[in-house]
K.L.:
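Dumping the structure here so I can ask a few things about it.
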Amino acid sequence: MPIKRLFVANRGEIALRVLRTAKRLGIETVIGVSAADRNSWPATFADRAVVLGPAPAAKSYLDVKLVVHAAHATGCDALHPGYGFLSEKPALSRLCEDNGIAFVGPRAETIETLGDKLSARRIAHDAGVATVPGTDRIDSVAAALGAADTLGYPVVMKASAGGGGKGMFLARSTADIRAGFDRSSREALAAFGDGTLYIERYVETARHVEVQVVGDGTGTVIHFGDRDCSSQRRYQKLVEEAQAVAMPVALREKLHAAAVKFTAFANYRSAGTCEFLYDVAREDFYFMELNSRIQVEHPVTEMVTGEDLIARQLSVAAGDGVGVTQQDVHFSGHAIEVRINAEDPKDGFRPSPGRITAWEPPTGTGVRLDTAVRVGDVIPPFYDSMIGKLIACAPTRDEAIDRMLRAIAAFRVEGPKTTLPLARFIVAHPDFRTNHISTHWLEDTVLPAFLKE
Amino acid sequence: MPLKTSDVETLVELFGQSTWEELRLEVDGDELLLSTNSHATLDTPATPGTVPSPSAPPTPPPARDAGPAPAARPAHWLCVKAPNLGTFYTCPAPSKPPYVSVGATVTADTEVCLIEVMKLFTTVRASVAGTVREITAKDGEMVEYDQPLLWIEPT
């Protein structure tokens, strides 16, 4: 059934991104905002904006019933959750379905089974996709010590329910496990309401690679290639690229096949990302987790495929399938994205909200900016600090780097401190140019040098 | 330094997020008045009232239509606003009489209406003693957060 009116349950650049595609497709739009965002760009861009509640997200963007009530009361027949907020809450998918609203994302059961890392690992095993050697749930220090002995140090302890590094810690010895286990479990309990931990073998030199997929919900899955997001700080991505050219082509083909196999096995619906750890020394990869939402870094994939992934999601939600076959997906060029966060990288990444007094983004061929801020806007202190994403695309990675550096140099922002100077430092670094980086490179090599600059 | 459009936009945004009832500013002969009373003018004193919507969404929801514009409300009337988005109900149940009608006397604890969110009903209280003078929201329609529901003349 074609979507007539779409409810956008998000804010910021992803809300605007979704609204733009919906408008292009002739779909009416309604956005639910908090009082702090009633005059934001997405709120004025949508055909209609309704104020859900006050500024704190718990009373507006994070209230499942409020969001679905608003979608229903405004006559919407579909709901896009964006990323973050409620996007990976099974309850939202379920409540939409119960009220005849097409959820632009996976079924509730899929989010439940694939969103939990342990059950996702079991499904990966069943689908024949390799995971990092590790354990099932670990509920005591003694069990953790025994498992680490079998796996061999170093090991990494992770929260079953979580992401974003919460509850995660690295152990190089028995002493590390004794010191970290209880704190990690408490942290996981506080962040996700579930203190369950598990252990994995730790890969010393790893790259974070991932595959973008879109499934139709009945077992057909199309992949849109891979991305490399190895430039991370505390498991938060800062720079993302498509494609993952540091991996041999034959291995990347296996990577795509593994992602398709895993998601097709789960009859995955809508856009998702299979994240893998690429073990550089062994030239092998392990499945890590599935993100059951559109991701922040989806533009780099769009730039190298010419696809509109939000449109693919809407096509699936309307019951029209993915809308392309695997043979229709072609790759050309290289794209790099840097995240612009209103944070001061020179001061412990302290959030820097406030008013934007100058905002002159770069333009030109192969340069894209996804943002929802304008000059004069005030960045509210209540939400995530990301205010934009700058993307550069060119025929080769070298040219994409040059284009990105020129774009950052031309970008004039005044008011809040941003991560743009750090982004420039990362992309200009010789290791980045030669592509000899790992998931620790940013913290171990780049940040110390950047802070001395 | 004259006021720029962006300055005004910022002030309006900050004012909208604040609990202030009125802001008056004079810069180089430019006068700016922001008030929660839609009838306030630069010559009238501060009055409580509805939230202004200087940059409201292009297509305001029907629920915002409070009927024919009433005459200017006396300055001392107080407004009960929606605590969140939801469906506004004047009666506890379809067959029951309304919680209050225009002219009813209320205490601060008197229940004046219901806001429903996915079958979850929350009662809204008057929060001030007085007489109900006007019910601006329509029974059974969606109201947004902070939208005026009814007006009370305090005793």
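Throughout, a chain's letter reflects where its sequence line sits, starting with A, and its residues are numbered from 1.
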K.L.:
Please flag which part of A:A70 lies under 4.5 Å from any non-hydrogen atom of chain B: side chain, backbone, both or neither.
P.N.:
both
K.L.:
Checking A:T113 side chain against A:E109 main chain: does a donor-acceptor pair fall under 3.5 Å?
P.N.:
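Yes.
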K.L.:
Heavy atom to heavy atom, less than 4.5 Å: which residues from residues 82-109 of chain B reach chain A?
P.N.:
B:P83, B:N84, B:L85, B:G86, B:T87
K.L.:
Hydrogens and angles aside, do A:Y83 and A:N10 bring a side-chain donor and acceptor to less than 3.5 Å of each other?
P.N.:
no
K.L.:
Are A:D308 and A:T21 linked by a side-chain donor-acceptor pair shorter than 3.5 Å?
P.N.:
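A pair is found: one side chain offers a donor N or O, the other an acceptor, under 3.5 Å apart.
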K.L.:
Look only at the side chain of B:T136 and the backbone of B:L149, and say whether a donor-acceptor pair between them is shorter than 3.5 Å.
P.N.:
yes
K.L.:
Looking at residues at least two apart in the chain, or sitting in another chain, which of them share a side-chain contact (heavy atoms from CB on, under 4.5 Å) with A:P54?
P.N.:
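Listed in chain order: A:P56, A:K59, B:Y145.
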K.L.:
Just give me the residue among A:V68, A:L66, A:T74, A:V64 that pairs up with chain B most often, heavy atom to heavy atom, under 4.5 Å.
P.N.:
A:L66
K.L.:
Hey, does A:L390 have a side-chain heavy atom less than 4.5 Å from the side chain of A:P362?
P.N.:
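Touching, per the 4.5 Å side-chain cut-off.
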K.L.:
For A:D63, is it the side chain, the backbone, both, or neither that has a heavy atom closer than 4.5 Å to a heavy atom of chain B?
P.N.:
neither
K.L.:
Quiz question: by atom type and distance under 3.5 Å, do the side chains of A:S352 and A:E343 form a donor-acceptor pair?
P.N.:
no
K.L.:
Is A:L95 in contact with chain B via its backbone, its side chain, both, or neither, using a 4.5 Å heavy-atom distance?
P.N.:
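Contact with chain B involves the side chain of A:L95 alone.
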K.L.:
Given 3.5 Å as the limit, does a donor-acceptor pair link the side chain of A:D344 with the main chain of A:K417, or not?
P.N.:
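No; zero donor-acceptor contacts below 3.5 Å.
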